[in-house]
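Working notes for the structure below.
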Amino acid sequence: MTTHVEFKNVAKTFDGHTNVVEDINLQIPRGEFLTLLGPSGSGKTTCLMMLAGFESPTEGEILVDGKSVQDVPAHRRAFGIVFQSYALFPHMSVAKNLAFPLEVRGIETSRRNELVDRALKLVQLEGFGSRKPNQLSGGQQQRVAIARALVYEPELVLMDEPLGALDRQLREEMQYEIRRIQEEVGVTMIYVTHDQGEAMVLSDRIAVFEAGKIKQLAAPITLYEEPDDPFVASFIGENNRLFGTVTHVGEALCTVDVDGHTIQAAQVAEDTSPGDKVVVVIRPERVSILQSDHSLSNSQEATVLSITFVGDHLRVQLDTCGNPDFIAKIPNIAGHGSVLKGDKVNIGWATLDCRALPIR
C-alpha cells in the first residue's frame, strides 16, 4: 500500500521550551483508519491540528502523497474535518449545509445536488435534506457533520473526538456507522480520541500517545494481546500489574520474582537480563480460579476480598503476590457462586498470558 500521509521527525512547542509533541515519525497508508489515542495533553490533537494546517510544526515536516504541506494553508489542503461540535449552520437546511462547501469550490448546481444526495444516502439520511439542524437528534446532526466532511469526496478525513457529545448508546452506534462509511468510501481517516474502546472498534491501527510521544503503534489486537510498554498495557484495557525482578532468562520466556513468588512470563525486551526490574502484566479475563487438577504454569494462593456482579461476568478482587488489587473476571455461568468473599483460593494463568515489560 502506498503511503498517503507521513510525519517525519515532527516536534511542536508553544512556549519555545517544552515540546508538546516530540520526534513523531509515522507513515499512514492510503485507505487506512488510524486512531491517535491517548490521555488529555498527550499530543494527539496537536498532531491532527498540524496535519489540518491549523498549527505548524516547530521541527520536522508533514507530507501528503510525498509532498510537504508546510506552506499550504488549511483552506487549501482540502481535507474533510469533523470536530466534536457539529458546527452546522442553524439557519440552513441539511441539504444547504452539505452544499455549502461545494458552492465554495465552484461546483455547478447539477453536480452539487448529485453529491449532496450521495452524501445523505451514505449516512442514511435520505429524505432529511429539507430539515434544519434543530429538527434533528444529536446522532443525526453528527451524521450530517460527517456527510459534510465527505460531500466533496476528499481523499483524507480528520476527526477530532467527534462522538464526545453523544450519550453512551448513541456513541456505540455511531462508531459502527463511521467504520461502515469509511470502509464503503475507502477514504484515509485519522481519528483522535481518548476512549480506548472507541479506538479498538474503529481502527486498522492505533498510535498510543503519552507525553508527546508515540509509545506503540499497532493493530488493536496486537496492542491488547502484546503491549510492549507499561503505559500501553495499562491504558489499553485492564491489566493486573505485578512488579518484580528477573531471576532467569530463557528463549522468549523469563522467570520473575514478585514479592517472593515465582512467575513465568513472556519476555518482551530482547536484552532482558537477570536482575532487571520488570512489571508483569496479566489480563483479568485470563486469570482462572483453579480446581485441583489444573495444568497452568503459574499458580498462586490468593484471598478473595470482594465480588462484584457485572452482568456477563463477576469481578473478583484478590490479594495475591503482595497486590491487594489483583482482579480476576469469572464468566457468569452456573457454579460461579462457589467462590465467596473471604475464601482462600488458588488462581492461575498461562505463561504466554502474562508479559514481563521492562521498567525504563
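The chain is numbered in sequence order, starting from 1. Atoms considered below: every heavy atom in the structure, side chains included; atoms not considered: hydrogens, waters and symmetry mates.
For R355, the salt bridge (Lys or Arg N to Asp or Glu O under 4.0 Å) criterion is met by no residue, not counting sequence neighbours. Not counting sequence neighbours, the partners of A265 by the side-chain contact (heavy atoms from CB on, under 4.5 Å) test are V280, C354, A356. E270 is linked by a salt bridge (Lys or Arg N to Asp or Glu O under 4.0 Å) to nothing, counting only residues two or more places apart in sequence or in another chain. In this structure, the side-chain contact (heavy atoms from CB on, under 4.5 Å) partners of E183, at least two apart in sequence or on a different chain, are R179. For P90, there are no side-chain contact (heavy atoms from CB on, under 4.5 Å) partners at least two apart in sequence or on another chain. Partners of F235 under the ring pair (Phe, Tyr, Trp, His ring centres under 6.0 Å) rule, at least two apart in sequence or in another chain, are F231. Under the rule for a salt bridge (Lys or Arg N to Asp or Glu O under 4.0 Å), R283 has no partner lying at least two apart in sequence or in another chain. In terms of the ring pair (Phe, Tyr, Trp, His ring centres under 6.0 Å) criterion, F54 has no residue partners (sequence neighbours excluded). Considering only residues two or more places apart in sequence or on other chains, E172 meets the salt bridge (Lys or Arg N to Asp or Glu O under 4.0 Å) condition with R168.
The two residues G322 and D259 make their nearest non-hydrogen contact at CA-OD2, 3.4 Å. Closest non-hydrogen pair, N298 versus T262, comes out as OD1-O, 4.2 Å. In terms of heavy atoms, S234 sits closest to R241 at CB-NH1, 3.7 Å. Residues A145 and V82 come closest through the heavy atom pair O-CG2, 3.9 Å. Looking at every heavy atom in both residues, P57 comes nearest to V10 through CB-CG1, 4.1 Å. When all heavy atoms of L36 and C47 are compared, the pair lying nearest together is CD1-CB, 4.2 Å.
Sequence neighbours left out, not one pair with a member in residues 105-152 passes ring-ring contact (aromatic ring centres under 6.0 Å, His included). Applying the side-chain hydrogen bond (donor to acceptor under 3.5 Å, both in side chains) test to residues at least two apart or on different chains, the pairs with a partner in residues 36-55 are T45-D160.
Remark: the backbone N or O of Q169 is paired with a side-chain donor or acceptor of D167 at under 3.5 angstrom. With N9 contributing its side chain and G60 its backbone, the two residues share no donor-acceptor pair below 3.5 Å. Side chain of T320 to main chain of E301: a donor-acceptor pair is present (N/O by atom type, distance under 3.5 Å, no hydrogens or angles). Using a distance-only test at 3.5 Å, with no hydrogens or angles considered, no donor-acceptor pair links the side chain of R315 to the main chain of T308. Proximity of a side-chain donor or acceptor of T272 to a complementary backbone N or O of Q267 within less than 3.5 Å is not detected. A side-chain donor-acceptor contact under 3.5 Å links Q317 to the backbone of P324. Using modelled atom types, one side-chain atom of R171 and one backbone atom of L163 make a donor-acceptor pair closer than 3.5 Å. A donor-acceptor pair under 3.5 Å is formed between the side chain of R112 and the backbone N or O of I107. Listed for the E238 side chain is no donor-acceptor partner under 3.5 Å among the backbone atoms of P284. N97 places no side-chain N or O within donor-acceptor distance of the main-chain N or O of L88, the cut-off being under 3.5 Å.
Taken together through direct or relayed side-chain contacts under 4.5 Å among Ile, Leu, Val, Met, Phe, Trp and Tyr, V256 and W349 form part of one hydrophobic cluster. Cluster membership for F100 and V94, using ILVMFWY side-chain heavy atoms within less than 4.5 angstrom, is not shared.
Between F209 and I214 the shortest side-chain heavy-atom distance falls below 4.5 Å. Residues L125 and Q140 form a side-chain contact, since some pair of their non-hydrogen atoms from C-beta on lies under 4.5 Å apart. Here the side chains of H4 and D65 are in contact, with some heavy-atom distance below 4.5 Å. Side-chain contact between L156 and L51: present, with at least one pair of heavy atoms (C-beta onward) separated by less than 4.5 Å. A 4.5 Å side-chain heavy-atom check between Y191 and L34 finds every atom pair outside the cut-off. No side-chain heavy atom of E6 sits less than 4.5 Å from a side-chain heavy atom of L26. Residues V316 and V287 form no side-chain contact, since every pair of their non-hydrogen atoms from C-beta on lies 4.5 Å or further apart. Counting heavy atoms from C-beta on, the side chains of V21 and M50 come closer than 4.5 Å.
Judged by distance alone, the side chains of D271 and S273 never bring a donor and an acceptor atom under 3.5 Å apart. The closest side-chain donor-acceptor pair between H194 and E161 falls under 3.5 angstrom. No hydrogens or angles considered: a donor-acceptor pair under 3.5 Å links the side chains of T193 and E198.
Here K329 contributes atom NZ and H313 contributes atom NE2; the two are 4.5 Å apart, rounded to the nearest 0.5 Å. With rounding to the nearest 0.5 angstrom, the CD1 atom of I327 is 7.0 Å from the CG atom of L318.
Checking M159, E32, E177, M189 one by one against Q182, the side-chain contact (heavy atoms from CB on, under 4.5 Å) holds for a single residue, M189.
A salt bridge is absent between K121 and E184: the closest approach of a Lys/Arg side-chain nitrogen to an acidic carboxylate oxygen does not fall below 4.0 angstrom.
Under the 6.0 Å distance and 45° angle rule, K12 counts as a cation-pi partner of F14.
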* Does the pair E153 and R111 meet the rule for a salt bridge (charged side-chain N to carboxylate O under 4.0 Å, His left out), with working shown? -> CA-CA 12 Å; E153 300 179 321; R111 176 60 175 161; 3.4 Å; yes
* Assess whether side-chain contact (heavy atoms from CB on, under 4.5 Å) is satisfied between V5 and F7, documenting all intermediate values. => CA-CA 7 Å; V5 177; F7 286 70; 4.0 Å; yes
Per-pair distances, 0.1 Å, donor-acceptor, side chain in residues 242-249, under 3.5 Å, sequence neighbours excluded:
unit_1 : atom_1 : unit_2 : atom_2 : d
T245   : OG1    : K277   : NZ     : 2.9
T247   : OG1    : T255   : O      : 3.3

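Within 6.0 Å of atom CD1 in I359, more than 12 heavy atoms from other residues, nucleotides or ligands are found, so the atom counts as buried in its surroundings.
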